[in-house]
Amino acid sequence: MGVKLGDIIPPEAVQTVQLSDLSNKSIAIDGYNILYQFLSNIRGPDGKPLQDSKGRVTSHLSGVFFRSTNFIKEGIRVVYVFDGQPPALKIETIRKRIELRERARKMYEEALAAGVVAEARKYAAQSSSIEKYMVETAIQLLEAMGIPYIIAPAEGEAQAAYMAARGDVWASSSQDYDSILFGTPRLVRNLSLVGRRKLPRRNEYVVVEPEVLHSEKLFASLGITRRELVEMAILIGTDYFEGVRGIGPKKAYSLIKEYGAADKALDAIKKSLDVDIEAVRRLFLEPEVKKDYELKWREIDREATMRILCDEHDFSPERVEKELNEVESILSEKRRVTSLDRWLM
DNA sequence: CAACAGCA
DNA sequence: TGCTGTTGG
């Protein structure tokens with residue numbers, strides 16, 4: 001979800017990159033965003049998620065494990081940022097999402113019963129919801145892998161943006177554009193290993209490279225400020241409320257260009273919004289964030305990782321061990337080379 | 001989503 | 001070796 005800015009992002013503000021370009025950089029990842037992607041995508045052909053012998057879903061653990069080892073191999077340091085309490089304004093959005101999920105879940109069961117496998121898979125993905133235990137097990141795994149995480153007081157994206165703005169991490173990462181509104185200087189999108197993404201409700205794939213969106217370039221190209229982008233978002237609609245009917249990014253852009261603020265634009269077109277506009281501004285411009293945190297990356301605890309994945313959740317020990325060995329050998333090779341470099345200097 | 005097996 | 005379909009839990 002998030003604010004729909006896709007259509008007006010100027011290409012010059014976006015830099016497509018290779019994963020290796022992010023080497024030695026630190027990135028704050030929107031934890032819910034990524035768990036949701038894993039949960040909806042890592043599924044069998046009929047839509048069933050991976051699960052252990054006790055029936056607990058493990059798709060997200062597979063995703064977190066393999067993606068994390070790959071980041072470590074590349075020298076990319078990530079910190080997971082999870083949502084805390086949703087802002088009051090978001091309650092209605094959350095209620096609607098639950099409703100949609102319920103509908104998708106019914107469709108999933110119907111399709112499954114009718115034996116329409118592809119159809120079933122589509123609805124299964126839409127019916128995914130992140131349960132509390134999934135976040136808890138993901139956090140256990142992160143701890144074992146030496147990857148830091150933060151539970152934000154409110155919105156994870158706001159927290160990640162704050163950390164990037166303060167320079168504690170190089171960038172924040174999410175599929176949503178909300179981070180820009182929250183003030184991130186750099187937003188990494190499509191942060192996955194293989195450059196392909198499944199098209200929604202279709203069995204097709206498109207090539208998608210990781211990209212870095214530079215906020216300052218975006219503001220400069222559009223000739224607006226972050227504050228004005230927030231005004232645009234108010235007209236377009238956000239996760240917190242629906243915007244004005246018939247106004248998308250392009251109209252919002254010209255309206256804010258002309259009138260400068262959402263309320264003035266609304267007056268001009270004789271429309272109104274059933275929302276406290278001032279509260280929305282505060283939500284984006286002065287979000288509630290945690291300011292005291294420590295980011296510490298440690299070595300992988302192999303035993304703990306094996307215990308969680310294999311003993312607790314029935315992952316194949318051979319498969320996990322193979323990956324851990326690869327991480328170890330790549331890291332030791334890196335250390336060998338860098339110490340040699342240092343010696344040569 | 002990412003690893004892996006199988007095939008050109 | 002690179003590509004494509006299947007498996008993982």
Side-chain angles (χ1 to χ4, degrees), chain A residues 17-20 22 27 29-76 78 80 108 112 117-118 120-131 133-138 140-142 144-145 147 173-176 188-211 300 304-330:
Chain A
V17 295
Q18 307 282 305
L19 215 55
S20 57
L22 303 173
I27 302 173
I29 299 189
D30 179 354
Y32 265 89
N33 198 276
I34 201 169
L35 289 193
Y36 187 82
Q37 284 174 36
F38 289 146
L39 185 60
S40 54
N41 289 318
I42 305 181
R43 286 168 182 268
D46 63 350
K48 271 219 295 288
L50 306 186
Q51 42 194 310
D52 62 22
S53 56
K54 288 178 180 154
R56 295 171 296 193
V57 170
T58 56
S59 295
H60 61 301
L61 297 179
S62 178
V64 169
F65 175 68
F66 286 108
R67 193 172 284 188
S68 297
T69 54
N70 278 291
F71 285 157
I72 292 168
K73 286 187 244 176
E74 287 286 358
I76 303 170
V78 300
Y80 279 71
Y108 166 58
L112 207 57
V117 175
R121 200 189 187 289
K122 178 181 82 178
Y123 289 118
Q126 288 173 14
S127 70
S128 340
S129 69
I130 301 170
E131 312 285 334
Y133 79 89
M134 298 178 191
V135 178
E136 286 165 359
T137 46
Q140 281 174 16
L141 181 59
L142 291 174
M145 297 185 77
I147 297 164
S173 177
S174 172
Q175 278 311 103
D176 294 354
V188 182
R189 302 180 72 243
N190 306 334
L191 186 58
S192 56
L193 309 188
V194 283
R196 45 157 241 182
R197 170 162 278 108
K198 200 183 162 301
L199 254 40
R201 68 181 139 274
R202 209 145 352 138
N203 251 346
E204 289 170 41
Y205 291 85
V206 285
V207 178
V208 190
E209 308 276 30
E211 59 184 42
I300 296 184
T305 304
M306 291 291 289
R307 187 173 45 72
I308 292 166
L309 291 178
C310 307
D311 299 350
E312 305 253 336
H313 297 292
D314 305 317
F315 278 63
S316 147
E318 293 80 14
R319 208 155 173 255
V320 175
E321 219 148 42
K322 179 176 182 258
E323 187 65 22
L324 291 174
N325 288 340
E326 208 175 306
V327 172
E328 216 160 72
S329 73
I330 286 178

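So you know, we letter chains A, B, ... as the sequences are listed, proteins then strands, and number each from 1.
Side chain of A/S59 to main chain of A/P49: no donor-acceptor pair is present (N/O by atom type, distance under 3.5 Å, no hydrogens or angles). A donor-acceptor pair under 3.5 Å is formed between the side chain of A/R189 and the backbone N or O of A/Q175. A/Y108 places no side-chain N or O within donor-acceptor distance of the main-chain N or O of A/Q126, the cut-off being under 3.5 Å.
In this structure, A/P45 reaches neither bases nor backbone, as no heavy-atom distance under 4.0 Å exists between it and the strands shown. Among the protein residues, A/R56 comes within range of no part of the nucleic acid, since none of its heavy atoms lies under 4.0 Å from any strand.
A straight line from CD1 of A/I34 to C1' of B/dA2 spans 12 Å, rounded to a whole angstrom. Following rounding to the nearest Å, A/F71 (CZ) and B/dC1 (C1') show an atom-to-atom distance of 11 Å. As rounded to whole Å, 13 Å separates atom C1' of B/dC1 from atom CG of A/L61. If you take CE of A/M306 and P of C/dG9, they are 12 Å apart, rounded to a whole angstrom. A/I42 places its CD1 atom 14 Å from the P atom of B/dC4, with the value rounded to the nearest Å. Taking atom CG of A/L35 as the reference point, atom C1' of B/dA2 lies 16 Å away to the nearest angstrom. Atom CD of A/E323 and atom P of C/dG9 are 13 Å apart (whole Å). As a whole-Å value, the separation of A/R121 CZ from C/dG5 P is 15 Å.
Distance from the side chain of A/Q51 is smallest for C/dG9 among the nucleotides C/dG9, B/dA3, B/dC1. Side-chain proximity of A/S316 to B/dA3, B/dC1, C/dG9: nearest is C/dG9. Of the candidate nucleotides B/dC1, B/dA2, C/dG8, C/dG8 has the atom nearest to the side chain of A/L50.
In terms of heavy atoms, A/T305 sits closest to A/L141 at CG2-CD1, 4.1 Å.
A/K48 has no side-chain polar atom (N or O) that falls below the 4.0 Å cut-off from OP1 or OP2 of C/dG8. Under 4.0 angstrom from either OP1 or OP2 of B/dA2 there lies at least one side-chain N or O belonging to A/R67. OP1 and OP2 of B/dC1 both lie 4.0 Å or more from every side-chain N or O belonging to A/N70.
Defined by atom type and a distance below 3.5 Å, a donor-acceptor pair is missing between the side-chain atoms of A/S20 and A/Q18.
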